[in-house]
Protein chains: 2
Amino acid sequence: MCAMARPRKPLLNRDRIVETAGALVDAEGLAALSTRRLAAELGVSGPSLYNHFRTKDEILDAVADAVSAKIDLSMFAPDDPRDWRTALHDWALSYRAALADHPHVVPVLAQGPGRRPAGLKVADAVFGAMVRAGWPPAQATHIGALMRYFVTGSALGSFARGFVDDETAYDPADYPHLGQAHRLAEHREKVDEGAFATGLRALLDGLGARYEQEAHVSGGAET
Amino acid sequence: MCAMARPRKPLLNRDRIVETAGALVDAEGLAALSTRRLAAELGVSGPSLYNHFRTKDEILDAVADAVSAKIDLSMFAPDDPRDWRTALHDWALSYRAALADHPHVVPVLAQGPGRRPAGLKVADAVFGAMVRAGWPPAQATHIGALMRYFVTGSALGSFARGFVDDETAYDPADYPHLGQAHRLAEHREKVDEGAFATGLRALLDGLGARYEQEAHVSGGAET
DNA sequence: ACCTGAACACCGTTCAAGT
DNA sequence: ACCTGAACACCGTTCAAGT
């Protein structure tokens with residue numbers, strides 16, 4: 001056959017690597033992503049990847065950022081009609097949906113944006129919108145942070161999936177109130193979505209009360 | 001020297017393994033925990049660990065459960081005077097403090113209790129207390145879940161640490177509102193604790209409003 | 001510039017062998 | 001029962017060599 005060294009057309013590029021890595025992580029989890037396995041999937045040898053990324057972690061960062069890029073930020077645009085409360089609500093749903101589609105990537109995203117462009121765009125958009133709505137910068141920072149806590153926490157640890165689907169696992173003598181815990185696995189989605197909806201509503205109600213109470217009169221822009 | 005095969009007194013036991021593994025993870029992170037490294041730290045050879053744990057993951061589970069065991073649950077005791085709102089608040093602080101002491105273990109804990117006894121005790125206590133306070137079981141389940149989302153989310157991704165301490169990292173053309181983001185690393189703790197306090201307060205205020213609104217009269221089951 | 005195979009220093013786990 | 005060294009099938013990454 002032809003001697004393999006450098007093809008005239010590159011076999012690899014960053015996009016193809018990120019796409020394949022993402023598919024692998026989605027299908028089999030973070031542990032399945034090894035440079036050798038990924039390279040095999042791409043039809044090249046392991047070290048080839050290092051012509052396009054400096055480390056495996058950089059590949060994983062790019063995969064994570066591709067997930068962040070799917071989060072809807074339109075509600076934070078200056079000319080969007082939604083008030084800050086509705087904007088946060090709609091954003092949280094889109095945020096959670098993006099992570100729920102790629103649960104294995106959540107541990108990476110939960111660590112914060114770092115230098116990932118799409119992750120930074122998200123942080124920038126929510127901060128800017130909250131300040132425009134009248135929140136003091138310190139509070140706007142807190143809101144961005146606490147929303148991330150809640151959304152990534154909910155996406156990372158599906159509550160119901162956190163219990164084992166095995167009746168004998170939860171001895172009533174040890175855990176008097178967990179009699180039905182193994183049943184959680186059955187209606188997993190309902191529990192997770194219910195808990196998320198309840199928490200989001202409580203969070204926004206609580207923030208709303210604080211907003212009104214603390215009289216955010218504007219010296220400049222107003223709602 | 002003496003031929004090494006089986007000492008009359010076992011060199012290893014589960015507690016010693018878990019303790020050393022926890023110290024290693026705390027000091028150098030999850031990636032530093034390898035069976036060979038851990039064994040070396042314990043003065044034995046790698047395979048010895050398999051006499052006490054079936055897999056490395058089981059060791060990690062035990063390390064995580066030791067962290068859960070440090071969470072204060074006294075506020076959920078039936079004879080404790082604290083109302084449900086105060087109990088949730090105090091519990092959240094203790095919960096977060098336990099995780100903050102062992103940040104590298106949080107990704108494991110965030111996955112849910114599984115079969116870990118201390119993790120299950122936590123879930124059992126909060127669920128029991130919420131039902132006793134008058135919440136319908138479905139809502140009590142949601143409360144346990146959403147509190148875990150928020151606390152693990154906050155412990156997993158320190159918001160401020162999620163940004164890079166490098167002024168050039170955040171180009172104002174790309175992120176118009178992140179001008180001071182690199183400064184977050186400076187007052188890291190203040191930001192993280194402020195965001196946590198703001199979120200916890202909003203969450204409890206929101207739940208409180210819902211509790212009153214939905215008339216949880218005691219004396220029997222309620223919708 | 002971009003790919004290769006060989007090599008280095010690691011992994012988790014199994015297993016027969018020792019006491 | 002509990003530890004050992006050897007072995008298996010893996011890792012991430014470096015590097016000289018090829019085109």
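Here the structure is a predicted model, which is why all the values come from computation and not from measurement. Just so it is clear: chains get the letters A, B, ... in the order the sequence lines come, proteins before strands, and each one is counted from 1. Below, each value reflects all heavy atoms present in this structure, side chains not excepted, and no hydrogens, waters or symmetry copies.
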Item to check | Which nucleotides of DNA chain D pair, in dot-bracket form (Watson-Crick or G-U under 3.5 Å, | meaning another strand) | outcome: ||.|||||...|||||.||

Checklist entry - In whole Å, what is the span from the NZ atom of K56(A) to the P atom of dC11(C)? => result 14 Å

Next on the checklist: Work out how far the P atom of dA9(D) is from that of dA9(C), and round it to whole angstrom.
Outcome noted: 22 Å

Item to check | Test applied, side chain to side chain contact (heavy atoms under 4.5 Å, CB included); reference residue, V63(B); option that passes from L30(B), D26(B), V108(B), V105(B) | outcome: V105(B)

Item to check | Salt bridge flag under 4.0 Å for residues K121(B) and D174(A) | outcome: no

Next on the checklist: Using the salt bridge (charged side-chain N to carboxylate O under 4.0 Å, His left out) criterion, which residues pair with R36(A)? Sequence neighbours excluded.
Outcome noted: none

Checklist entry - Atom CG of L60(A) and atom C1' of dT13(D): how far apart are they, to the nearest Å? => result 17 Å

Item to check | Nucleotide dA1(C), atom C1' - distance to CG of L12(A) in whole Å | outcome: 13 Å

Next on the checklist: List the residues meeting ring pair (Phe, Tyr, Trp, His ring centres under 6.0 Å) with Y95(A), not counting sequence neighbours, and say none if there are none.
Outcome noted: W91(A)

Checklist outcome for this item: Whole-Å distance, I17(B) CD1 to dC3(D) C1', equals 12 Å

Ignoring hydrogens and angles, write down the donor-acceptor pairs under 3.5 Å from the side chains of residues 41-55 of chain B, residues two or more places apart or on other chains.
unit_1: E41(B); atom_1: OE1; unit_2: R37(B); atom_2: NE; d: 3.3
unit_1: S48(B); atom_1: OG; unit_2: S45(B); atom_2: O; d: 3.0
unit_1: N51(B); atom_1: ND2; unit_2: S48(B); atom_2: O; d: 3.3
unit_1: R54(B); atom_1: NH2; unit_2: E58(B); atom_2: OE2; d: 3.1
unit_1: T55(B); atom_1: OG1; unit_2: D57(B); atom_2: N; d: 3.4
unit_1: T55(B); atom_1: OG1; unit_2: E58(B); atom_2: N; d: 3.2

Checklist entry - Taking 4.0 angstrom as the limit, do D166(B) and R115(A) come out as a salt bridge? => result yes

Item to check | Atom pair distance, as rounded to whole Å: NZ in K9(B) and P in dC3(D) | outcome: 12 Å

Checklist outcome for this item: Sorted by chain and number, sequence neighbours left out, salt bridge (charged side-chain N to carboxylate O under 4.0 Å, His left out) with D171(A) holds for none

Checklist entry - Hey, what's the ring geometry for Y170(B) with F163(B), parallel, tilted or perpendicular (30° and 60° as the breaks)? => result perpendicular

Checklist entry - Quick one, which residues of residues 35-54 of chain A touch DNA chain C with a heavy atom under 4.0 Å? => result R36(A), V44(A), S45(A), P47(A), S48(A), N51(A), H52(A)

